[in-house]
Amino acid sequence: MDQKKPRIRLFRPGTFTSNEGRVVSLSEADLAAIAAAYDPDADPAPLVVGHPRLNDPAYGWVGRLAVEDGELIADELDRVEPSFAETVREGRYAKVSAQFYMPGDPNSPKPDTWYLRHIGFLGAKAPGVKGLGTVQFDGQADGLVTLDLNTPKKEISMSEKDLASFAEKEKTLNEREAAIAAREKAARDAEIKARHDAHVSFAEGLVKETKLAPAGKPLLVGVLDALDAEAKVSFAEAGEMTPADALKKLLVGAQPLVSLAEVGKPEKDATETAVASFAAPDGYDVDPKQAALYAKARQLQADNPELSFMDAVRRAQAA
């Protein structure tokens with residue numbers, strides 16, 4: 001900062017994203033209003049290093065804001081510290097950044113418009129200068145916007161047609177994701193239902209073979225539904241299988257609760273009359289006594305619907 005008091009280019013009209021993440025749009029008329037509102041006597045903006053929030057040295061002050069060639073500039077810089085000016089001349093600051101009070105900020109000297117808070121020099125350590133004046137900042141950053149001045153920001157320029165197209169694409173993408181999620185859920189539900197139906201069929205088969213009491217059918221189906229259908233466990237000589245398959249194998253090999261046939265082929269007793277008719281495999285005959293016990297138990301169940309099959313068998317045996 002030499003005796004010529006150079007100007008600092010601050011801003012140009014356009015739409016930019018601030019360091020705080022706000023999207024800011026300023027027209028040339030807005031820049032003119034900022035320049036007109038600036039009061040260097042009552043509320044001057046200091047030249048600082050970085051963007052301090054509390055007490056930091058002021059290395060100079062902005063004497064005037066103006067709009068020239070469509071850009072907001074700061075000039076008539078006042079009380080610039082010489083060693084700071086030398087550092088600037090040496091190019092040790094990569095860029096300059098300005099911070100503004102936004103309209104409506106209660107901390108702003110003029111809350112009805114944008115107001116320059118300070119100009120920060122970025123990219124070098126502050127010079128060790130003693131005896132400088134300090135500037136007291138309020139420490140509130142909610143209503144502030146910081147814009148890097150020498151580095152062009154990516155402008156956002158979207159027409160109504162662009163916005164409509166973007167919204168339509170977003171809607172299509174959301175609908176596509178929802179359809180995929182619905183298909184995946186339907187596939188999962190179908191797989192769960194198929195497993196459940198298979199478990200019901202298996203349990204009904206055990207009931208028919210008298211290897212499972214009718215009352216145990218829903219319990220067995222619930223257990224099979226809850227077992228992991230993917231994970232496999234090693235069962236020594238039996239090899240690896242899922243817990244559900246292991247349980248099924250165990251139940252299939254179980255003995256019937258009531259034996260309906262004798263092992264081997266006994267001689268027929270022509271004097272006995274079969275109580276119930278069963279289709280026995282080749283080489284086997286139905287034991288009339290066991291068949292009679294089965295028929296008696298079923299009759300007791302028919303007469304007493306609340307009676308379980310096993311209780312009916314016990315009563316038939318006692319009789």
Salt bridge (Lys or Arg N to Asp or Glu O under 4.0 Å) assessment of D189 paired with K185: CA-CA 6 Å; D189 291 345; K185 182 180 183 302; 2.9 Å; yes

Evaluation steps, side chain to side chain contact (heavy atoms under 4.5 Å, CB included), between F11 and I34: CA-CA 11 Å; F11 207 67; I34 293 174; over 6 Å; no

Worked verdict on L72 versus L116 for side chain to side chain contact (heavy atoms under 4.5 Å, CB included): CA-CA 11 Å; L72 181 66; L116 179 64; over 6 Å; no

Trace of the side chain to side chain contact (heavy atoms under 4.5 Å, CB included) decision for Y59 with V88: CA-CA 11 Å; Y59 296 98; V88 172; over 6 Å; no

Step-by-step side chain to side chain contact (heavy atoms under 4.5 Å, CB included) determination, L212 to E204: CA-CA 9 Å; L212 176 69; E204 290 175 345; over 6 Å; no

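Across D39 and Y115, no two heavy atoms sit closer than the pair N-OH, 3.0 Å. For the pair S25 and D30, the tightest heavy-atom approach, listed with the atom from each and the gap, is O-OD2, 4.1 Å. For P40 against V62, the heavy-atom pair with the smallest separation is CB-O, 3.9 Å. Of all the heavy atoms in K296 and A316, the pair that sits closest is CG-CB, 3.5 Å.
Here the side chains of D311 and N304 are not in contact, with every heavy-atom distance at 4.5 Å or above. At least one side-chain heavy atom of L224 sits less than 4.5 Å from a side-chain heavy atom of L247. Between L251 and K211, every side-chain heavy-atom pair lies at or beyond the 4.5 Å cut-off.
Between R89 and E86 a salt bridge is recorded (basic side-chain N to carboxylate O distance below 4.0 Å).
More than 12 heavy atoms of other residues, nucleotides or ligands lie within 6.0 Å of CG in N174, so this atom counts as buried by the packing criterion. Around CZ of R195, the count of heavy atoms belonging to other residues, nucleotides or ligands within 6.0 Å exceeds 12.
Within the hydrophobic cluster formed by Ile, Leu, Val, Met, Phe, Trp and Tyr side chains joined at under 4.5 Å, directly or through other members, I192 stands alone, with no partner residue.
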